[in-house]
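Note sheet for the following structure.
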Amino acid sequence: MKPPEKSKPSNFVRDIIEEDLRLGTHDGRVATRFPPEPNGYLHIGHAKSICLNFGLAQEYGGQCHLRFDDTNPVKEDVEYVESIKNDVAWLGFDWGEHLYFASDYFEKMYGFAVELIKKGLAYVDSQSVEDIQENRGTVKTPGVPSPYRDRSVEENLDLFEKMRAGEFKDGEIVLRAKIDMGNANMLMRDPLLYRVRHVHHHRTGDAWCIYPMYDFAHCLEDAIEQITHSVCTLEFENNREVYDWLIGNVSAPSQPKQYEFARLNLNYTVMSKRKLLQLVEENLVSGWDDPRMPTIAGMRKRGIPPEAIRFFCEIIGVAKANSLVDVAMLEYAIRDKLDPVTPRVMCVLRPLKVTITNFPEDKVEIMNGPLWPENIDNDEKRPIPFTKTIFIEQGDFAETPPKKWKRFAPGLEVRLRHAYFIKCNEVVKNDAGEVVELLCTYDPQARGTAPDGRKPNGTLHWVSATEGVNVQARLYDRLFSVAQPDGDAEVDFKTHLNPDSLTVRECAMAEPYLKELKSGARVQFERQGFFVLDGDDSSDGNLVFNRITTLRDSWKKEPVKAAPKPKAKKQKPALVSVPQEAKVSQRDQVREGNPALAARFDRYQNDLGLSKNVADQLSGDEPLSNYFETLLASGLPAALCAKWLRNELLAYGDEGDLSGLSFGADAFVELLTLLNKKEISNRMAKEILEAMVKTGKAPGALLKDMGGGVIADDSAIEGIIQSVLDGAVDECERYKNGEDKLFGFFMGQVMAQTKGKADPKLSRDLLQKALAKLRTE
RNA sequence: UGGGGCGUCGGCAAGCGGCAAGCCAACGGUUUUUGGUACCGUCAUUCGCAGGUUCGAAUCCUGCCGCCCCAACCA
């Protein structure tokens with residue numbers, strides 16, 4: 001019985017889905033998809049997308065498709081589809097029957113292309129690759145239409161058929177959408193839909209020699225599969241316009257919507273397929289599944305459990321801001337999942353011989369150590385042989401211990417975990433002066449605890465030198481030594497490779513119990529970290545363990561006090577007063593081409609007395625300016641009209657466009673008139689405006705609904721304030737204790753109780769008095 | 001003729017006109033036969049900057065600044 005899942009953190013995609021569900025947008029369905037191209041291995045960045053897409057479907061009772069976006073046979077291969085399926089399944093997600101391939105839709109897509117041609121919305125272009133690029137223009141200049149843009153429908157149909165029939169060579173000809181060569185969005189400049197590729201496809205074989213491009217294919221795949229929310233990464237934002245255009249211009253079987261989130265970046269690692277490939281090809285790592293790689297395969301070999309990856313993806317959140325997540329977060333997720341469920345054993349990574357001089361020569365005493373951590377209700381134990389010679393960790397002994405040392409040193413006594421206290425009497429060194437052996441005595445009475453209650457200087461893990469088993473331990477650390485290995489395009493990211501990312505301890509000694517472990521078993525080497533038994537690399541007599549991650553270690557060798565960095569005051573950028581005239585604003589340009597607006601600009605400033613900024617805004621966009629003119633025609637004060645138009649009404653518009661509002665300028669005039677006559681307060685006007693937007697009802701009617709106008713009566717407001725105070729005992733107490741900021745809370749309560757009708761200024765004064773009184777009581 | 005996005009703590013990230021959530025990191029403390037775990041506590045008078053609107057602005061309006069994406073017959 002699992003405890004109820006804590007509700008997952010909210011994010012903007014969930015908000016959108018919930019809103020769609022509320023509105024019944026896609027018949028109340030939720031269908032997402034994870035659409036990898038089978039041209040490489042999955043990494044933790046993909047895991048974020050997988051968790052998001054499958055998670056969303058799971059949570060909203062929908063479905064998530066695993067769809068291979070195999071539209072480019074020159075880069076793709078079956079090898080990858082198997083590894084991707086394997087990785088997704090290993091992560092713990094089930095696509096059920098929803099396994100799809102874009103290539104299965106080639107015939108349908110061809111049909112949609114023909115439809116587009118017939119509608120005159122696509123054409124066959126015979127320009128060379130170079131000409132197409134040339135004529136696309138640049139980001140600052142419009143493109144120019146292809147000379148083939150106006151081919152007849154018949155000719156296009158014929159050519160397209162011939163394309164499919166294989167009558168053209170690669171690169172000779174393409175099918176393009178006929179959209180707009182001058183569009184500011186480069187992707188809308190007649191995007192390519194099909195290209196010729198005489199290549200064998202891993203699924204369709206040689207059935208096709210034309211293949212659809214991403215922009216054309218992806219939205220159709222979504223539409224065909226009835227995907228509702230097509231969630232992809234930020235770099236596709238510009239593609240959304242094409243996506244919507246295509247869905248809108250083809251008889252699409254459904255109307256999917258695309259949403260974009262920020263891809264995952266992790267510090268101390270690289271994520272791009274290209275760079276990962278480089279590491280593999282240059283043998284800088286052992287392969288795609290090298291435990292230092294951020295690939296799913298690498299993390300699996302490393303021993304990271306899938307639930308840790310899922311948890312990680314949950315806690316990093318989903319948003320639209322480019323961000324760089326700290327790997328410490330991943331390590332936390334791993335420890336959090338592993339710690340409560342992982343058996344504890346002992347293994348000495350760098351053995352230091354310890355001879356217990358007062359212990360019988362050939363005696364083997366069996367200690368019993370619990371395998372499971374305290375939180376698990378299982379006291380299963382494993383036998384740990386204790387003998388005259390044992391190994392302890394080299395790092396656990398210091399000839400001259402630093403301050404706060406809680407380990408072993410000459411003359412000190414420590415506890416051996418699950419065994420006796422031992423005391424260091426003598427240090428044996430070799431010719432080089434290195435410590436090679438410790439001569440100690442044990443206290444037969446002090447096993448675990450000492451009868452006299454004395455405390456040891458720490459607890460060490462240990463292994464019998466004669467009964468232990470030799471194992472190989474591979475200690476992995478971050479692959480790169482700088483936070484952003486690919487942060488500087490000038491510097492090869494490989495120069496930042498961490499030389500210590502892998503340390504192999506061939507001579508690690510472990511307790512014999514480890515021989516019982518099954519391949520893939522995860523254990524905690526106490527005081528060291530979590531390790532996994534690497535089944536692939538172990539053989540009968542040779543156990544190999546990969547370190548998944550270290551334990552958190554709060555022991556600092558040098559308690560370096562954090563440099564008392566004076567909390568760097570945010571440097572305020574020097575105010576550079578850019579002369580307004582320095583650049584010609586968009587609005588200036590509009591006015592240049594529209595003398596009437598230019599005249600208004602002057603009139604607003606000179607006759608109406610509006611500030612330059614306000615006049616600029618209200619004369620720089622024709623529809624907006626016309627709206628303002630309508631308000632002016634009512635005879636209301638210009639300043640009032642300007643203020644409410646700009647600051648309030650515009651907030652409800654769509655990027656400054658007010659045409660979508662459910663009421664006209666006349667209704668807005670009515671509202672402003674009420675305000676001008678002081679029949680309503682600013683606050684009430686805002687309340688009414690909001691209601692107008694929602695319901696489209698007239699201001700007068702809404703005012704009536706509110707039941708009267710401004711409350712400006714002292715005693716009435718005092719009564720309300722009292723009731724607010726009475727209903728907020730906690731807050732009153734806190735306010736008394738000096739929490740001034742609660743004033744806003746109280747004020748908000750007053751306004752809420754009166755639906756905004758209380759006169760704000762008066763309310764504020766009275767509230768202040770009431771609260772002051774509260775404090776003096 | 002440029003367009004599309006994004007700026008909230010050291011790192012993630014909620015927040016949608018009324019008290020600046022949470023997590024990681026860091027730092028203290030309690031418990032402890034792991035310098036682990038668990039538990040408690042500290043950590044944003046301020047939301048890129050500057051104006052404006054409002055009784056009240058991270059949130060609405062305006063301007064500016066800074067990052068990211070777009071000119072593959074890749075996805």
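Numbers restart at 1 for each chain; the letters A, B, ... are given by sequence-line order, proteins then strands.
A:Q524 comes within contact range of at least one nucleobase, with a heavy-atom separation under 4.0 Å. Within 4.0 Å (heavy atoms only), A:M188 reaches no atom of the nucleic acid at all.
Below the 3.5 angstrom threshold, one finds no donor paired with an acceptor across the side chain of A:R646 and the base of B:U62. With hydrogens and angles ignored, a donor-acceptor pair closer than 3.5 Å exists between the side chain of A:N238 and the base of B:G3. A donor-acceptor contact under 3.5 Å is formed by the side chain of A:K686 with the base of B:G17.
The gap from the C1' atom of B:C65 to that of B:C49 amounts to 7 Å, rounded to the nearest Å.
In this entry the distance linking CH2 of A:W245 with P of B:G3 reads 23 Å, nearest Å.
Under 4.0 Å is where a charged nitrogen must lie from a carboxylate oxygen, and between A:E687 and A:R683 at least one such pair does.
At B:G35, one or more side-chain N or O atoms of A:R527 fall inside 4.0 Å of OP1 or OP2 (strictly under the cut-off). Put simply, A:K643 has a side-chain N or O that comes within less than 4.0 Å of OP1 or OP2 on B:U54.
A side-chain donor from one of A:D190 and A:Y123 sits under 3.5 Å from a side-chain acceptor of the other. Between the side chains of A:Q258 and A:H218, not a single donor N or O lies within less than 3.5 Å of an accepting N or O.
For the segment residues 329-342 of chain A, the set of residues with a heavy atom within less than 4.0 Å of an atom of RNA chain B comprises A:M329, A:Y332, A:D339, in numerical order.
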